[in-house]
Structures are given as structure tokens and as C-alpha cells.
There are 2 protein chains.
Amino acid sequence: MAELRNPDLLPGTLYMMILRTLNQGPLHGYAIAKRIEDWSKGDLQIEDGSLYPALNRMLQKGWVNAEWGMTENKRRARFYRLTPAGRKRLEAESTAFNKMIRAIQLVMRTS
Amino acid sequence: MAELRNPDLLPGTLYMMILRTLNQGPLHGYAIAKRIEDWSKGDLQIEDGSLYPALNRMLQKGWVNAEWGMTENKRRARFYRLTPAGRKRLEAESTAFNKMIRAIQLVMRTS
DNA sequence: AACTATATATAGTCCAGAAAGGTATTTTGC
DNA sequence: GCAAAATACCTTTCTGGACTATATATAGTT
């Protein structure tokens, strides 16, 4: 029997969820991951080997910007903030996602 | 402004949808694609450069088997049929998918 | 002193999906 | 009769995203 790939995430949804968490206000990377895990009641695990590269790509795309600061616990951390382009992108991605899900559910439910 | 990637599919859902269409009975590749496009009211487009490689991977994984035959239109075509393993896989994938979607929606909807 | 949690980063790997090219036959339109 | 569209398949190549593994560092706890 072939091995089951077991992705933690549905590929293509990480940007959207990161953008979503940042829509509340700036966060550092670790907190983004925690928040997604938290909000999903632990069902979604964000590997840091997925998170940080994604954040860097998002910086390059101009969806977020970043500055170093301190957490409540007095640790240095990099805080990411949505740009206007990022906010637009969040809109676009969630609209597209919802449409996609509805289409998939049509396929899966059609008898 | 960075280019928008515009995927036809949500990555990771193609196997599941193919398996779903075959759950009704054997189909050839072209018909699988047509059926998915049809059921999704045209929202999902299956590129044949995605479809045929996917079908071959599914053959290797033992989820489907295939034999050559004739369509209603008297064209030669390769008909794919779900194996028991494929049926199990369909179950597993759709359960996991539904769970994943619920988790993502929690993240996207949480205020 | 050791361990856990917090915090970031990168190098390397793997795989699915898309793009782009090709073959061949049947039906439809002019 | 001929061109075009639709039907049907296949393969090679590219790319990007997610995962693994590894590394660094500090704060707080035991």
C-alpha cells in the first residue's frame, strides 16, 4: 500500500489564513501560528518550516511588512502587519476560496 | 504588484474528485474531466496535463485500474474503475477534507 | 543544571498542478 | 469535399509550496 502523504494543511490556504490573522492587527510569526492552531482548536498545525518561508514570500509580494520589536514576554520578535495590498489579497483569496469550496462540494455531493 | 496565481483547483483535491466520479461506475479520462466541470457548473476546469498524470499515479497507488474500450461514439478510450482500495481512499479523503474545511472556516470566521 | 516554551531562520527534498507540446479519430459546418 | 471543432489520449518540463531537519538563542521553570 502506498504511503499516505499527510499534509497538515490544505495546500494553497496558508497565505489566506496568515492574512486573516493579521487582519486583527500586527502579530509576530510564532503568534500567527499559535493563533491559527488555537482558532482551529488544534486541527491545523503550522510547521515553522512552512510559516517563515511563507512570511518571507509575502514580504516580497508586498502583502505584509515587518519590523522587529518585543513581545509581552520581553523576547525579540518580528511583527508583521498587513499592507493595503495584503488586505485586498485577503479579500480576493477568501472569495476565491469560498467559491472553490462550493464547487468542490457540488462535485462531492452530486448524485 | 506581484502576479496573482490563479489555480484551477484547490491543490490536494483532484484525487478526491476523480475518485468521486468513479464511485458511480467506470469512466474514461475525458469523461471524468467533463463530469467534474459539469457538476461544478463550469467552475472547476481540469487540465489534461493535470488529469492524466494524476490518473497514472492513482493506477500506481492501486486506487483504480484501467482497461481500453470503446465509448458510445465509437472512440477508443481508457476506462478507469475504482478498486476496493480506491473506495476506501475516497472515504478517507472526503472525511479528512471535510474536517480540514471546517477547521479553515473556523479560522476564517473567528472574530 | 536541565528542560520546556518561546522565537526565528535556512537548506534540502518532494510532489502535485500547470504549461506546452504532440498524436489521432470523428463529427459538424460550409 | 474540406476545414474546423470536438473527442480522446499522452508526455516532458517547470515551478512553487509544504514538509523535514537542523541550527541558534533566551526566558522561565523544576
Side-chain angles (χ1 to χ4, degrees), chain A residues 2-19 26-38 44-61 63-64 66-80 93 97 100 104, chain B residues 2-19 26-38 44-61 63-64 66-80 93 97 100 104:
Chain A
E3 285 164 47
L4 302 187
R5 266 195 82 216
N6 214 32
D8 294 332
L9 300 175
L10 198 52
T13 60
L14 183 53
Y15 292 152
M16 183 180 72
M17 291 193 289
I18 292 173
L19 293 169
L27 284 177
H28 57 277
Y30 194 79
I32 292 171
K34 277 270 183 289
R35 188 159 291 190
I36 292 174
E37 288 168 18
D38 206 46
L44 301 177
Q45 303 291 325
I46 314 295
E47 302 294 332
D48 50 357
S50 307
L51 177 67
Y52 294 106
L55 285 169
N56 284 321
R57 290 192 301 267
M58 293 168 77
L59 276 170
Q60 286 187 322
K61 288 166 194 281
W63 300 342
V64 296
E67 52 185 47
W68 288 94
M70 281 289 166
T71 68
E72 303 157 349
N73 323 337
K74 295 178 189 175
R75 283 160 178 286
R76 76 187 250 293
R78 206 173 177 196
F79 287 81
Y80 296 86
E93 287 222 19
F97 175 77
M100 193 70 83
I104 293 172
Chain B
E3 287 162 46
L4 300 188
R5 270 194 77 218
N6 213 32
D8 294 332
L9 300 175
L10 196 54
T13 60
L14 182 54
Y15 292 152
M16 182 179 74
M17 290 192 291
I18 292 174
L19 292 169
L27 284 177
H28 58 278
Y30 194 79
I32 291 172
K34 277 269 181 289
R35 187 157 292 190
I36 292 174
E37 288 168 19
D38 207 47
L44 301 177
Q45 302 291 326
I46 313 296
E47 303 293 332
D48 53 354
S50 306
L51 177 67
Y52 293 107
L55 285 170
N56 284 323
R57 291 191 300 267
M58 293 169 76
L59 276 170
Q60 286 186 323
K61 287 165 193 282
W63 300 343
V64 297
E67 53 186 47
W68 287 94
M70 281 289 166
T71 68
E72 303 156 351
N73 323 339
K74 293 179 191 174
R75 285 161 178 283
R76 75 188 250 294
R78 205 170 177 199
F79 288 80
Y80 296 86
E93 288 222 19
F97 175 77
M100 191 69 83
I104 293 172

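To find a chain, count down the sequence lines: A is the first, B the second, and so on, and within it residues start at 1.
- Which of D:dG17, C:dA7, C:dG17 sits closest to the side chain of A:His28 comes down to C:dA7.
- Following rounding to the nearest Å, B:Tyr52 (OH) and C:dA16 (P) show an atom-to-atom distance of 19 Å.
- In this structure, B:Arg78 atom CZ and D:dA8 atom P are separated by 16 Å, rounded to whole Å.
- Note: CD1 (A:Ile32) to P (C:dT6) measures 16 Å, nearest angstrom.
- Side-chain N/O atoms of B:Asn56 include one lying less than 4.0 angstrom from OP1 or OP2 on D:dT11.
- A residue-by-residue look at B:Gly12 and B:Asp48 shows that B:Gly12 has its nearest nucleotide of DNA chain C further toward the 5' end.
- Closest approach to the B:Thr71 side chain among D:dA8, C:dA16, C:dA7 is made by D:dA8 (side chain taken as heavy atoms from C-beta onward).
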Checklist line | side chain to side chain contact (heavy atoms under 4.5 Å, CB included) assessment of A:Met100 paired with B:Leu44 | finding: CA-CA 8 Å; A:Met100 193 70 83; B:Leu44 301 177; 3.5 Å; yes

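- As a whole-Å value, the separation of A:Glu72 CD from C:dA5 P is 18 Å.
- Listed nucleotides: C:dG17, D:dT7, C:dA18. Nearest to the side chain of B:Asn73: D:dT7.
- At the heavy-atom level, B:Gly49 lies under 4.0 Å from base atoms of the strands shown.
- Atom CE of B:Met17 is separated from atom CG of B:Leu51 by 10.5 Å, given to the nearest 0.5 angstrom.
- The CD1 atom of A:Ile18 sits 12 Å away from the C1' atom of D:dA18 (whole-angstrom rounding).
- Here the nucleotide nearest the side chain of B:Tyr15, chosen from C:dG17, D:dC9, C:dA16, is C:dA16.
- Look at CE on A:Met70: it is 12 Å from C1' on D:dA25, rounded to the nearest Å.
- The side chain of A:Leu9 lies closest to D:dC19, out of C:dA16, D:dC9, D:dC19.
- OP1 or OP2 of C:dT25 has not a single side-chain nitrogen or oxygen of B:Lys74 nearer than 4.0 Å.
- At the heavy-atom level, B:Phe79 lies nowhere under 4.0 Å from the strands shown.
- At the heavy-atom level, A:Leu51 lies nowhere under 4.0 Å from the strands shown.
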Note to self: I'd like to know whether B:Lys61 forms a side chain to side chain contact (heavy atoms under 4.5 Å, CB included) with B:Tyr15, so could you lay out the CA-CA distance, the side-chain angles of the two residues, the decisive distance to 0.1 Å, and finally the verdict.
What the structure shows: CA-CA 11 Å; B:Lys61 287 165 193 282; B:Tyr15 292 152; 3.9 Å; yes

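- Tested against A:Gln45 for a side chain to side chain contact (heavy atoms under 4.5 Å, CB included), the candidates A:Leu9, A:Asp8, A:Ile36 yield a single pass: A:Asp8.
- Residue-to-nucleotide proximity on DNA chain D shows that, of A:Ala54 and A:Arg75, the 5′-proximal contact is made by A:Ala54.
- Across the protein-nucleic acid pair, A:Ile46 atom CD1 and C:dT8 atom C1' stand 16 Å apart, rounded to whole Å.
- When the P atom of D:dT7 is taken as reference, atom CZ of B:Arg35 falls 14 Å away, rounded to whole Å.
- Between B:Arg57 and C:dA16, a side-chain N or O to OP1/OP2 separation shorter than 4.0 Å is present.
- A pairwise comparison of heavy atoms in B:Leu14 and B:Ala54 identifies CD2-CB, 3.9 Å as the closest pair.
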Next item on the list: Go through the steps for B:Thr71 and B:Arg75 under the test side chain to side chain contact (heavy atoms under 4.5 Å, CB included), then give the verdict.
Entry: CA-CA 5 Å; B:Thr71 68; B:Arg75 285 161 178 283; 3.6 Å; yes

